[in-house]
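When a ligand or atom number is given, it counts from 1 through the structure's own listing order.
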Amino acid sequence: MCGITACVGRDDVVDVLLGGLENLEYRGYDSSGIATQSAESVAVVKREGGIEELATSLDAIEPTGHVGIGHTRWSTHGAPTDANAHPHTDCEDRVAVVHNGIIENYADLREELAAAGHEFTSETDTEVVPHLVADALDSGLSPDAAFRAAIDRLEGSYALAMVVAGEDAIYASRDGSPLVVGVGDDRQYLASDVPSFLEHTSEVVYLEDDDVVRVTADGHDVTKIDGTPVDRPVESVDWQPEDAERNGFDHYMLKEIHEQPAALERAINGRVTADGNVKLEEFPRGSFEDVEDVMFVACGTSYHASMYARQMLAARGVSAQVYSAGEFATTPSPVDENTLVVAVTQSGETADTLASVRLAQERGARTLAVTNVVGSTAARKCDDALFIRAGPEIGVAATKTFSSQVAVLTLLAERLVEDVTGSPSEERADVLRALERLPSDVQQILDQSSVESLAARNRDRDGHFFIGRGVAYPVALEGALKFKEITYEHAEGFAAGELKHGPLALVTPDTPVFAVFSGDHDEKTLNNVEEVQTRGAPVVGIGSEESTAVAETVDEFIPIPDTHPLVSGVLANVQLQLVAYHVADLLGRSIDKPRNLAKSVTVE
Ligand code: F6R
């Protein structure tokens with residue numbers, strides 16, 4: 001939520017800042033801005049709207065500078081206006097600050113600063129920071145000491161970056177929101193997320209909470225707020241710059257849907273042995289033998305992947321629950337040292353999920369992050385991490401990461417079943433074989449899917465319902481989430497058996513029902529299909545190409561390759577991703593940056 005970028009070099013960095021913001025636009029896109037510094041003052045250009053509005057202003061104003069910060073915003077405090085866009089400055093334009101997070105005590109600080117004569121020009125919580133720094137500079141502190149004095153007063157969560165007139169350096173700090181330094185030759189970078197500067201360097205330093213970094217053209221120094229030096233390692237990220245580009249596709253979402261075979265190959269690669277066993281390097285056999293209970297905490301699409309995994313565990317005798325992380329963080333279930341709390345999070349930065357991890361750790365549970373981002377907060381805070389290796393996902397709607405999460409959670413589930421129950425699941429060999437076939441099965445769908453015409457027939461309806469049971473239930477929920485977030489049309493997912501307990505009242509001839517069939521308990525779902533057909537609703541069935549019973553009952557049939565029921569949900573989900581994509585495309589929606597949403601939600 002909100003993206004920070006910054007660069008310091010020996011020549012002009014304005015284009016680098018703009019490029020850094022373009023690469024981060026998925027983190028927020030309601031306003032953006034940059035600040036550069038000179039000996040006397042800081043110069044700010046900021047605009048409501050997308051980065052293209054900012055680019056137009058930069059073309060007209062032509063600011064320059066070899067030290068600068070930039071920001072793309074997803075509003076929390078204050079509407080998306082020019083005034084509320086970041087960077088924010090003090091009264092005399094000596095200090096400019098960009099911020100990600102929420103400063104909880106900003107109202108008190110603002111009152112105090114206003115009483116001391118500071119004038120505020122925005123409604124944001126962030127604006128207190130440059131004024132606090134200015135106050136500290138006025139009291140004779142150096143920029144470094146003034147920055148530390150200011151952040152010492154803040155309560156809440158933040159990633160902050162600052163430039164000060166006359167200082168060839170960027171100051172930054174984090175507490176609860178990510179920041180990473182990019183190590184270059186003649187230029188150094190700083191951002192909320194690696195894709196911001198990936199085209200310039202893949203050498204990175206992840207900052208920890210309460211770190212303060214001073215970045216100059218020559219390098220960076222990391223200290224704690226009290227000035228104690230800390231050594232943070234330089235790490236290489238193995239993402240390629242082209243992974244974060246559209247590569248000829250109309251949208252990142254479509255590109256990422258098409259990347260699923262490759263992403264799945266990477267997720268599985270080296271993790272299944274030739275004789276059909278799970279090989280998770282991080283977790284050899286016995287790693288989980290003390291586990292009595294598994295609790296997944298996650299949000300959105302990751303929550304649906306967790307539900308999928310819970311089905312795999314519960315069905316094979318491992319006690320497992322799944323919690324919406326925001327709820328777990330509010331009302332945690334009892335845990336102890338035999339509880340494994342699995343935080344499933346693509347970004348590794350979702351505030352609700354991190355809050356759940358913190359609570360679980362305080363209460364003595366063992367924690368494991370299943371994430372896409374090496375170096376993310378979840379990966380570093382949890383006791384262990386398992387990476388899904390999907391590569392960067394730029395489209396706000398999660399697609400390839402759902403498939404990769406399910407694949408990796410399937411492997412984890414097999415390891416857990418064996419360790420917790422003492423013997424491997426009876427179906428392990430079949431499940432793993434199906435998993436190995438998954439990349440080519442997904443490729444077959446991508447090569448043959450013809451849902452575009454179906455999308456045209458379903459673009460203008462009163463509502464869209466998605467139903468499924470077993471692993472097809474989380475797929476139904478995920479299908480509805482994807483549909484609503486990018487088409488802005490009403491869509492809801494239900495457990496197939498739940499429809500008749502209320503939602504059936506909404507079913508009419510103008511509410512198509514997408515019924516997902518996994519190959520398990522399909523006859524029951526077919527009964528539910530008949531219930532909605534009786535009320536006149538057209539039913540689109542997604543199921544195995546070999547399931548004639550399904551194909552003959554539903555009104556339209558979307559086939560998927562025949563596979564193990566526990567794996568089939570991933571294939572059905574790919575078809576639903578394509579349906580949502582094509583409907584959104586026909587409606588002309590902003591597919592990669594849906595309204596009101598941001599990729600990484602770093603506020604609770
Ligand atoms: C939906 C979507 C969101 C995320 C959710 C959790 O397409 O992308 O629902 O799944 O915000 O994000 P992560 O997985 O980064 O914790």
Shortest non-hydrogen separation from I591 to I486 and the atoms involved: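 Here I591 and I486 meet closest at O-CG2, 3.8 Å.
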From K599, E485, Q577 - option closest to atom 7 (O) of ligand 1 by heavy atom: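 Considering heavy atoms of K599, E485, Q577, the nearest to atom 7 (O) of ligand 1 sits in E485.
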Residue pair V396 / D592, side-chain heavy-atom distance below 4.5 Å: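 Side-chain contact under 4.5 Å: no.
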D384 and E282, any side-chain heavy atoms less than 4.5 Å apart: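 The answer is no, as the side chains (C-beta and beyond) never meet within the 4.5 Å cut-off.
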Return yes or no for this condition: an N or O of [X] is under 3.5 Å from an N or O of ligand 1.
X    : answer
V396 : yes
T345 : yes
V344 : no

Any donor-acceptor pair under 3.5 Å from S568 side chain to S518 backbone: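 Checking the backbone N and O of S518 against the side chain of S568, a donor-acceptor pair under 3.5 Å is found.
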Short side-chain to backbone donor-acceptor contact, K599 and G395, under 3.5 Å: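 Side chain of K599 to backbone of G395: a pair is present.
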Provide, to 0.1 Å, the distance between [atom] and the closest protein heavy atom, together with that atom's residue and name.
atom                    : result
atom 2 (C) of ligand 1  : T301 OG1, 3.8 Å
atom 11 (O) of ligand 1 : V601 CG2, 4.2 Å
atom 6 (C) of ligand 1  : C299 O, 3.4 Å
atom 16 (O) of ligand 1 : T350 OG1, 2.5 Å
atom 15 (O) of ligand 1 : S347 OG, 2.6 Å

H99-Y158 aromatic ring centre distance below 6.0 Å: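 They do not qualify: ring centres at least 6.0 Å apart.
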Aromatic ring proximity F465/F514, centre distance under 6.0 Å: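 So the answer is no for these two rings.
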State the atoms of ligand 1, each with its element, that fall below the 4.0 Å cut-off from a heavy-atom position in [X].
X    : result
G300 : 9 (O), 10 (O)
S302 : 10 (O), 13 (P), 14 (O)
A397 : 7 (O)

cation_pi(R310, F296) dist<6.0 Å, angle<=45: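 No, R310 and F296 do not form such a contact.
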Donor-acceptor contacts, no H, no angles, side chain residues 470-479, under 3.5 Å, sequence neighbours left out:
from, atom 1, to, atom 2, distance (Å)
E478, OE1, T301, OG1, 3.1
E478, OE1, H304, ND1, 2.8
E478, OE2, T301, OG1, 3.1
E478, OE2, K482, NZ, 2.8

Side chain, backbone, both or neither: the part of K482 lying under 4.0 Å from ligand 1 by heavy atom: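 Side chain only.
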